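Numbered from 1 within each chain, the chains take letters A, B, ... in sequence-line order. Just so it is clear, the values below take in all heavy atoms, side chains as well, and ignore hydrogens, waters and symmetry mates. Bear in mind that the values here come from a model prediction, so they are computed numbers and not experimental data.
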2 protein chains.
Amino acid sequence: MNRLPIEQRRDQLVAAALAVATRDGLERTTMRAIAAEAGVALGVLHYCFTDKAEIMRAVARHIHTQGLNVALAAVGTGDPGELVEHVVAAYAGVVIGAREQYLLQHELTVAALRDPELTGLAAEQLATKLANARTFLEAVGPRAGLVWAVPVEDVARRVVQSIDGAVLAWLVDHDDRGLRAALATVGRSVRALGQVHERRSAELSPLP
Amino acid sequence: MNRLPIEQRRDQLVAAALAVATRDGLERTTMRAIAAEAGVALGVLHYCFTDKAEIMRAVARHIHTQGLNVALAAVGTGDPGELVEHVVAAYAGVVIGAREQYLLQHELTVAALRDPELTGLAAEQLATKLANARTFLEAVGPRAGLVWAVPVEDVARRVVQSIDGAVLAWLVDHDDRGLRAALATVGRSVRALGQVHERRSAELSPLP
DNA sequence: GTCTATAGTTGGATAGAC
DNA sequence: GTCTATCCAACTATAGAC
């Protein structure tokens, strides 16, 4: 109905596609379903995007724009000594509250690994996750008085893999307590990789 | 052409479906593609199976019939002290050599989580993995002189989640060395969960 | 048991009126 | 920019000849 600048129209359509994909799954996210969700005619989609793959690429990129903020928001709170565990626990709550979002993430990953038109998307996803984890670790480290015993990239890698494995199992078994327990274990092992830095461990000894 | 007993025909068709799904991905595994792969007419599939979902269920179950044997076969070899690490390393080799098989596993999991007709399949997959891990741990424990400090179910859970996370990352980044390193880390942390049993640790002290 | 032929859907994509 | 109408391909499933 309303005439919109193409940029806004694109955003609206990506949001609609994300809504359908989250709710109904990737397979049922058809051009028709997206158009219906957005309340526009089918032709509009092909006017704003060259083809379906372009929409799905936009959706995948939109998903990972979030994610990091959640973890960083929790960094500022709680006792530094248990900061890592605290943040990990908060993250578990976020995941549990947005199950279908995380299911969609896995659907997109798998789809990207098979579909030539989505090549590179899975690698982008992983790179974003690793960058997020790294940013988080570098933010939380000083705050908790930790310095990483191994390169921060390696810690980030382990964190991402551990979380993905735990979330995948949880998507299957719906065991919320199990997910919290698994992520708590991740938190502890991350914590174990950090050595307490002198300036913090020595009770802030006064300067001369 | 040849007239076969329906049981053999079913096996043949499942094998063909597995071949197509492994090679081309789940989305392109259509009834037509399966029929072509098996060299039979389209109607034959609907004679042997009620619908497509029944074939995919059979394929999913067929996949997990393997897997355990691989790990168990490696248990009998190597130095007991480094047995866990050795087996994990061997497993890495198996995974690397069958990338598309493991990709298909993830495709089936994700598909089962969305498709009502495949409900329960993902849970079955996970249960089988956990049972395999448990069987393996109970086989390797005594052999390496270990007794698990925590319930073996919990160890199995951690092993399965860690492996899944590592394999998923590897499916994306194709980093063979990274996968071997990640699985080696899994091996070490599993090893750390086992306490050395007295009879083995005490250099086989002679009985009176 | 096996085949051909076809029904009946649903999908992506486009042409052309407005 | 937006909509309707339509094309064409691919799919599952079935009916019925052989």
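The CD-C1' distance, from B/Glu7 to C/dG1, rounds to 16 Å in whole Å. If you take CD1 of B/Ile6 and C1' of C/dG1, they are 9 Å apart, rounded to a whole angstrom. Distance OH (B/Tyr47) to C1' (D/dG16): 15 Å, rounded to an integer number of Å. Protein atom CG of B/Leu4 is 16 Å distant from nucleotide atom C1' of C/dC3, rounded to whole Å. Atom C1' of nucleotide C/dA13 and atom CD of A/Glu54 are separated by 14 Å, given to the nearest angstrom. Here C/dG1 presents its C1' atom at 14 Å from CD of B/Gln8, a figure rounded to the nearest Å.
A salt bridge links B/Arg157 with A/Asp173: at least one charged nitrogen is closer than 4.0 Å to a carboxylate oxygen.
Side-chain atoms of A/Gln161 and A/Arg158 include no donor-acceptor pair closer than 3.5 Å. Side chain to side chain, B/Trp170 and B/Asp175 fail the donor-acceptor criterion of an N or O pair below 3.5 Å. Between A/Gln125 and A/Thr109, the side chains place a donor N or O and an acceptor N or O closer than 3.5 Å (distance only, hydrogens not considered).
In terms of the salt bridge (charged side-chain N to carboxylate O under 4.0 Å, His left out) criterion, residue partners of A/Glu153 (sequence neighbours excluded) are, by chain and number, A/Arg134. Residues passing the side-chain contact (heavy atoms from CB on, under 4.5 Å) test with A/Glu85, sequence neighbours excluded: A/Glu82, A/Arg188, A/Arg191.
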Report summary line: Scoring nucleotides 6-12 of chain C by protein non-hydrogen atoms under 4.0 Å (B base, S sugar-phosphate only, - none) yields -----BB
